[in-house]
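One structure is given below, encoded as structure tokens.
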Amino acid sequence: MITDARVLQTEFVPKDLVHRDNELTTLSAALKPLTNGEPGETTLLHGPPGVGKTCTTQYILNQLHENVIDLNTQYVNCWKDHTQFQTLYRILEGIDQTLDIHRQSTPTDKLRDRLHNYDGPPYIVVLDEADQLETTDVLYNIYRTPNIEMVLIANQEADLFSRLDTRLKSRLQTITRIHYKPYRSGEIVSILEDRVHWGLEPDTVTRDQLERIAVASKGDSRVAIGVLRRAARLASQDNERAISDEYIDEAVPEAKTEIKQKNVEKLTEDQRILYDILTEEGEISAGRLYESYRDRADEPKTRRMMRYYLKKMQHYNLVVANGENRGRTYNTSS
DNA sequence: CCTCCACAGGAAGCCGGGGGAC
DNA sequence: GTCCCCCGGCTTCCTGTGGAGG
């Protein structure tokens, strides 16, 4: 049934991008000057998940690489590489400057200096999920380096900007902003049709079923493609030649919890205990959460450590905090 | 209104591990 | 090998905040 599994991956960048013409044009225009050796414009792409921010960026980078010989680019996922050291390391990796850098013994200062001394060809650094950066210092370091252009990607523009110091905030006031709206149902359907065409055998899924997936995905293309992939896999495991509605209904919740499940597996023992308590108890105050945790853990860590853990788990979208200070409660994310 | 308390999160320091320089 | 440096994980201490309750 599946003829090409790659195109059913959410990260796959198709040859033709549909429904993102305006965004592509604006981003392209912002980076265009680089191809003539002039400085481009720092760009911020913002909008909810699964609306094509990452995809359009990688599409543009591919295009630039085809047309410009002397150009470096690097894509950094700040969610994965969120410490200053990790981010700087990735950026230097994009210009082959990391051979002698070791995690344990190289000070972050050295990475910073090396970046600042960059004087090679134009270099485009994409910082995806930039609002997840531990410190925004790294943005300043890139900003002040000539010949490096930043493309920032974030869900909420405000999440990123509220954390910048005033100096950087005012300098980034004038950057090009591109807002991505959720896809409409029909747009999701045509994105799926494209993937179906390249990835599945003919007549395995009907248009009605694609619409069903589109509605369930609520404008998030990653969820939609994930559902399609899972439904196709379920059907082929049962040796069916077509995807039935039942497979789709089964795949929808699976696709939505897939990412979460992966993150739960990454938790340490102590974090896992906290997560289990939240799963069982539901909404709970920090004090009661710590008491439960202390009872269950063999060697419980301190309250401060619990707060670090909870912060981390919010970062992983496993935990949500409601309220501030005394009134705050924690819960698992739905 | 004021004081107390629970809580968040910053700052500093300790420790163990690992790599480089010698 | 030994010394030194750095990091991440962790603790301790501390300040700021806002609701509860006198």
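A note on names: the letters A, B, ... follow the listed sequences, proteins ahead of strands, and every chain is numbered from 1.
Phosphate proximity of C:dT11 to A:Thr302: present, with a side-chain N or O under 4.0 Å from OP1 or OP2. Contact annotation: A:Tyr309 side-chain N/O to C:dG9 OP1/OP2 distance is not under 4.0 Å. Here A:Ser285 reaches the OP1 or OP2 of B:dC7: one of its side-chain N or O atoms lies under 4.0 Å away. Taking only side-chain nitrogens and oxygens, A:Lys311 comes nearer than 4.0 Å to OP1 or OP2 of B:dG9.
Side-chain contact annotation: A:Glu41 with A:Thr176, donor-acceptor N/O pair under 3.5 Å present. Using a 3.5 Å distance cut-off with no hydrogens or angles, the side chains of A:Tyr75 and A:Asp128 do pair a donor with an acceptor.
The CD atom of A:Gln314 sits 13 Å away from the C1' atom of B:dC7 (whole-angstrom rounding). Atom CE in A:Met305 sits about 17 Å away from atom C1' in B:dC7, given to the nearest Å. Atom NZ of A:Lys110 and atom P of B:dG19 are 16 Å apart (whole Å). A:Gln86 places its CD atom 11 Å from the C1' atom of C:dG8, with the value rounded to the nearest Å. One interatomic measurement links the two molecules: CG of A:Leu289 to C1' of B:dA6, which rounds to 14 Å at whole-angstrom precision. Separating the CZ atom of A:Arg307 from the P atom of C:dC14 is a distance of 15 Å, rounded to the nearest angstrom. If you take CZ of A:Arg326 and P of B:dG9, they are 17 Å apart, rounded to a whole angstrom. Note: CZ (A:Arg303) to C1' (C:dT12) measures 14 Å, nearest angstrom.
The pair A:Glu23-A:Lys53 does not count as a salt bridge, with every side-chain nitrogen at least 4.0 angstrom from each carboxylate oxygen.
Considering OG1 of A:Thr204 and CG of A:Leu228, their distance stands at 8.0 Å, rounded to 0.5 Å.
On a pure distance criterion of 3.5 Å, a polar donor-acceptor pair joins the side chain of A:Arg304 and the base of B:dG10. With hydrogens and angles left out, the side chain of A:Arg328 and the base of B:dC7 share no donor-acceptor pair within 3.5 Å.
The shortest non-hydrogen separation linking A:Val227 to A:Ala251 is O-CB, 3.7 Å.
Heavy-atom nearest nucleotides on DNA chain B were determined for A:Gly287 and for A:Tyr308, and the one closer to the 5' end corresponds to A:Gly287.
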